[in-house]
Structures are given as C-alpha cells and as structure tokens.
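This report concerns only the one structure given below.
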2 protein chains.
Amino acid sequence: MKNNKEIKKTGNIRVQSQHKILIAASTEFVLQGYKGATVQSIADRAGLPKANILYYFKNKENIYHAVLEHTLQMWDEGIGDITPEDGPKAAIEKFIDAKVRMSFKHPESSKIYAMEIIQGAQHLKDFARTYQRKWVREKAQLFQKWIDNGEMRDVDPIHLIFLIWSSTQHYADFETQILTIMNRAEYEEEDVEHVISFLTDMILRGCGLK
Amino acid sequence: MKNNKEIKKTGNIRVQSQHKILIAASTEFVLQGYKGATVQSIADRAGLPKANILYYFKNKENIYHAVLEHTLQMWDEGIGDITPEDGPKAAIEKFIDAKVRMSFKHPESSKIYAMEIIQGAQHLKDFARTYQRKWVREKAQLFQKWIDNGEMRDVDPIHLIFLIWSSTQHYADFETQILTIMNRAEYEEEDVEHVISFLTDMILRGCGLK
DNA sequence: CTACCTGTTGACCATATAGTTAAGTTTTAT
DNA sequence: ATAAAACTTAACTATATGGTCAACAGGTAG
C-alpha cells in the first residue's frame, strides 16, 4: 500500500508534467507549425525550463509524436461507434453529433490533425493511415447495406462520410474565419446545437431520410 | 517600339523568375510550413541560387506575402459570381462547381489558405478578412431573399455557405487522406465530375430544391 | 568606348535553436 | 540514516538559417 502510494505520487509528477507539456506543445504546434514551435516556446508556455522538457521527451519530434498520438486517441474516444442496428438515420445523427461536439470541445486536436494531413501526413505512422482507411470503408459498407436494403437513398457512402467529416471539422479548423464572418470573439454554447441541427437536417434530407 | 520590346524582355525575366519562385515557394510552404520552408529549399526547388531569391524578394516574409496574395487572387478569379437572377438552384450549382474545380486544379492554394486560417490568420491582412466577411454576408443575403420569396427551404444561409465551402475545399486540403482511403495514387479526371454531382445533389436536396 | 542598369552569385556573418552535460536537489526505498 | 532513483536546471555547443555584401556578367544607350 505504502509502495503503491509512492509509485502513484512520482507517477503523478511525471504524468502531470508530461500532460502540461503536451497541452503547451499542442498550442504551439497549432500556432507556429512543427518547425516554428521551439522547445523554448513550449517550455515557456508550460512554465518549465527548457531542459526539463527535454528530460521528459527525448527530443522535439517525440513531443510532436506524443501530441499526434494524443490527438488520434481523442478522436478515437470521441467518435462513438455506429452499428448495423442503428439504421441510417440514427447513424448519421450520432456521427454528426459526436463530430461537431469534438470540433467545439477540442479544436486544437482537430487543427493539428488537419495540418498534419495538409502537409502530407509526413509524421503519421502507416498504421494510423491504414486504420483510418479501414474505419471509413467499414462504415461505408454499413451505409451500402442500408442503401441495398432500401433504407436510404442511393448516395456514394464514401463521399457521404467525407461530407460529414469535412463539414463538422470545419468549425474547428476554420474557427478564425468563421468567427470573423459571424463577427464574434468566440463561439457560444448554443452554436454547437445550432450547427448540429443544421447539418443533421441538411444531410438527412440529402440522404432522403427526412 | 524598340524600347518597348526591350522593356518587355527584361520585364519577362523578372516576371518569369518571380513566378518560378512563387510556385516553388508555394510547394515548400505547404510541405514544411512557414518556418520550416527555408529560403535555401525554395531556391533549390526553383533551381536558382539563394541570393537570387533574395534579390527578387526582400526577405522570406515577402515571399510568403506574395504567395498569399497569389492565392487570394486565384480564389477571387476562380469563384464565379452569384447574382440575384440566378435563383437558388443555379447559384448553388455554380458555386459548388467553381469551388470543386478550384480544389482539384489548385490544391496548393487551398492548402496554403487553410493553413493560414488554422494558424489564426496571423499573416492575413485586415482587408482580406473584411473582404471575406463582406462576401459571405452579401451572398447570404441573396439566399435569404430567395428564402423569403419561398424559392427555397428556410435554412441558415451563412451555415449553408460554410457547408459548401468546407465540403468542396476538403478535396484539396485532405487530398492525402482521401487518396489513402480510396487507395489511389492521385485523383483522376472523372473524380471531379463525380464529386460535383454528389455534392450538388446532396445540398440541393438539403435545401429542398430537388 | 563608356557609363549604367539589371541581374547573378559565392562568401560571409549574426543569430536562433535543438540537444547535451554536469552539477545539483528532492523524493523514495530499505 | 543512507543509498539510489527521479527530477531540476544553468551553462554550453554545434549547426542551420535569414539576410548582407561585394564582385562580376551581360546587355543597352548615348
């Protein structure tokens, strides 16, 4: 018990520091890009001396990898699962709901991921790419089944997923532009619900489900 | 006449070099980000010595500004105009068509713009932001008129524009991911038409126009 | 021919930055 | 109490990079 407690304590320092660093690094990577984010700037934002950062993460690339992993994990947890039992309507509703909430709750994750893809996914491991291909194709097959069953209109399921993906992600990635256009300083609570209902309505109709 | 010709000749060298540099710089900025793109890498890609680059552009930031301007101009030219006479159906069709073609034809422009926005539009001049706000609000008003006239379903016009914007832009920005998922090396001719018809169909239905 | 303008380029420099090291301090285990 | 392990941090180093400069080339005008 004593032992356990002590391990926990040191563990906590490690975990806490690493977490603080990860958060600071995420912000810096979004704001300045991979090369533009300096270890010093991450250290300053985390409130730690630079050498301490390099104590917890061997080097800058490792920090970035950790941030990416954190991002992917967040995505994986946040995106609920769609099952055959859902049927097309509930599936689309669930998917849009989860994705919009993630965009508003973790915009940095979305942004880092977007930048990584835009730049050619140079740091993304193969397994992550393969994983996503599998994920999309799996979900696309579900939609195809529903289409074959006459439960929804015949639309290209892969592109349907792209549509949901892009339109939801947009509110995170293009936050700056959207706020400028709406003449706002930041998003408000009700925006999330408004966006969810707008997109759900549009896309369900597009699929002939409303 | 002689004079004119000579001016043109020297002018051409200038214009040609600057253009070569701009193209090379665009690629580097997309691939490596602003800080990650080095003047040397731009020079190598353009096939010119570094000092020559700095002869045509005072410094790195100027290169980037030129690239951004080039991008915005491209957008401005590529995006046809929507007029009150079009009516909602033609307007949406025109908008989607133009935007998708741009995404496939000039993905780098789209990517650079996206990265700039994601990073908080730090380099984007105020006038550009104001311009876009005006553009979106203007078009949104058009849609609102059509809605008030009963020519289309009552959907939030601002978010409708966001939807069209995001879903079309996606094919440029997330090229890498999309190609991975579709298990392809690059886009093909027919993809453009397929995407246009898919998105047009979905969104027109969403607006109750089909 | 000469003066001049445009463009070309290698060499150079100041600075910023990733990463190391070594000397310390604090915490934990026995 | 003591040894070991975990953590902290200032100082340092090697390198990469933005930007300058001075020398040079080629064509044009008078």
Side-chain angles (χ1 to χ4, degrees), chain A residues 1-68 122-123, chain B residues 1-68 122-123:
Chain A
M1 229 213 285
K2 199 179 174 187
N3 194 340
N4 195 357
K5 195 175 166 188
E6 275 140 13
I7 285 175
K8 240 187 203 158
K9 210 176 172 187
T10 43
N12 273 340
I13 290 181
R14 182 164 215 107
V15 168
Q16 276 173 22
S17 289
Q18 287 184 335
H19 189 252
K20 241 196 302 185
I21 294 167
L22 239 65
I23 300 303
S26 297
T27 307
E28 282 301 313
F29 283 131
V30 168
L31 252 33
Q32 313 292 340
Y34 176 74
K35 200 67 187 294
T38 69
V39 177
Q40 187 63 61
S41 70
I42 294 170
D44 290 347
R45 190 176 288 272
L48 295 169
K50 188 180 79 162
N52 201 322
I53 307 287
L54 275 319
Y55 170 74
Y56 282 111
F57 296 90
K58 264 282 152 289
N59 52 40
K60 189 170 149 180
E61 217 189 311
N62 270 321
I63 305 177
Y64 186 67
H65 280 147
V67 167
L68 262 191
Q122 296 167 342
H123 301 262
Chain B
M1 231 216 282
K2 201 178 171 186
N3 195 343
N4 195 356
K5 195 174 166 189
E6 274 140 14
I7 285 175
K8 240 187 205 160
K9 210 178 170 187
T10 44
N12 271 342
I13 289 180
R14 183 163 215 106
V15 168
Q16 275 173 22
S17 289
Q18 287 183 335
H19 189 252
K20 240 196 305 186
I21 294 167
L22 239 65
I23 301 303
S26 297
T27 307
E28 282 301 313
F29 283 131
V30 169
L31 251 33
Q32 313 292 342
Y34 176 74
K35 200 66 188 295
T38 69
V39 178
Q40 187 63 61
S41 70
I42 294 171
D44 290 347
R45 191 175 287 273
L48 295 170
K50 189 179 79 163
N52 201 328
I53 306 287
L54 275 319
Y55 170 73
Y56 282 111
F57 296 90
K58 264 280 153 291
N59 52 40
K60 188 171 151 180
E61 217 189 313
N62 270 320
I63 306 177
Y64 186 66
H65 280 147
V67 167
L68 262 190
Q122 295 168 343
H123 301 262

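Not measured: the values here are computed from a predicted model. We name chains A, B, ... by the order of the sequence lines, and we start the count at 1 in each one.
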**Request:** With rounding to the nearest 0.5 Å, note down the distance linking CG in A:Leu22 to CG in A:Leu68.
**Result:**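 Here the interatomic distance stands at 10.0 Å.
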**Message:** To the nearest 0.5 Å, what is the distance between CD1 on B:Ile23 and NE2 on B:His19?
**Reply:** 4.0 Å
How long is the line joining [atom1] of [X] and [atom2] of [N], in whole Å?
X	N	atom1	atom2	result
A:Ile53	D:dT9	CD1	P	11 Å
A:Asn52	D:dT8	CG	C1'	6 Å
B:Asp44	C:dT9	CG	P	13 Å
B:Phe57	C:dG7	CZ	P	12 Å

**Message:** Could you work out, with side-chain hydrogen bond (donor to acceptor under 3.5 Å, both in side chains) as the rule, every residue matching A:Tyr56, not counting sequence neighbours?
**Reply:**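 With neighbours one apart ignored, the set is empty.
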Taking OP1 and OP2 of [N], is either one under 4.0 Å from a side-chain nitrogen or oxygen of [X]?
X	N	value
B:Tyr55	C:dT8	no
A:Arg14	D:dC7	yes
A:Tyr56	D:dA6	no

Grab the N/O contacts between the protein and nucleotides 17-19 of chain C below 3.5 Å, and write none if there aren't any.
unit_1 : atom_1 : unit_2  : atom_2 : d
C:dA18 : OP1    : A:Lys60 : NZ     : 3.2
C:dA18 : OP2    : A:Val39 : N      : 3.0
C:dA18 : N7     : A:Lys50 : NZ     : 3.1
C:dG19 : OP2    : A:Lys60 : N      : 2.7
C:dG19 : N7     : A:Lys50 : NZ     : 3.1
C:dG19 : O6     : A:Lys50 : NZ     : 2.7

**Request:** Could you label the plane-to-plane angle of the A:Phe29 and A:Tyr34 rings as parallel, tilted or perpendicular, counting under 30° as parallel and over 60° as perpendicular?
**Result:**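 Parallel: the ring planes of A:Phe29 and A:Tyr34 meet at under 30°.
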**Request:** List the steps and the verdict of side chain to side chain contact (heavy atoms under 4.5 Å, CB included) for B:Val30 and B:Thr27.
**Result:** CA-CA 5 Å; B:Val30 169; B:Thr27 307; 5.9 Å; no
For residues 35-48 of chain A, dump all side-chain donor-acceptor pairs below 3.5 Å to protein atoms at least two apart in sequence or in another chain.
unit_1  : atom_1 : unit_2  : atom_2 : d
A:Thr38 : OG1    : A:Ser41 : N      : 2.9
A:Thr38 : OG1    : A:Ser41 : OG     : 3.3
A:Gln40 : NE2    : A:Asp44 : OD1    : 3.0
A:Ser41 : OG     : A:Glu28 : OE1    : 3.1
A:Ser41 : OG     : A:Thr38 : N      : 3.1
A:Ser41 : OG     : A:Thr38 : O      : 2.7
A:Arg45 : NE     : A:Glu28 : OE2    : 2.7
A:Arg45 : NH2    : A:Glu28 : OE2    : 2.9

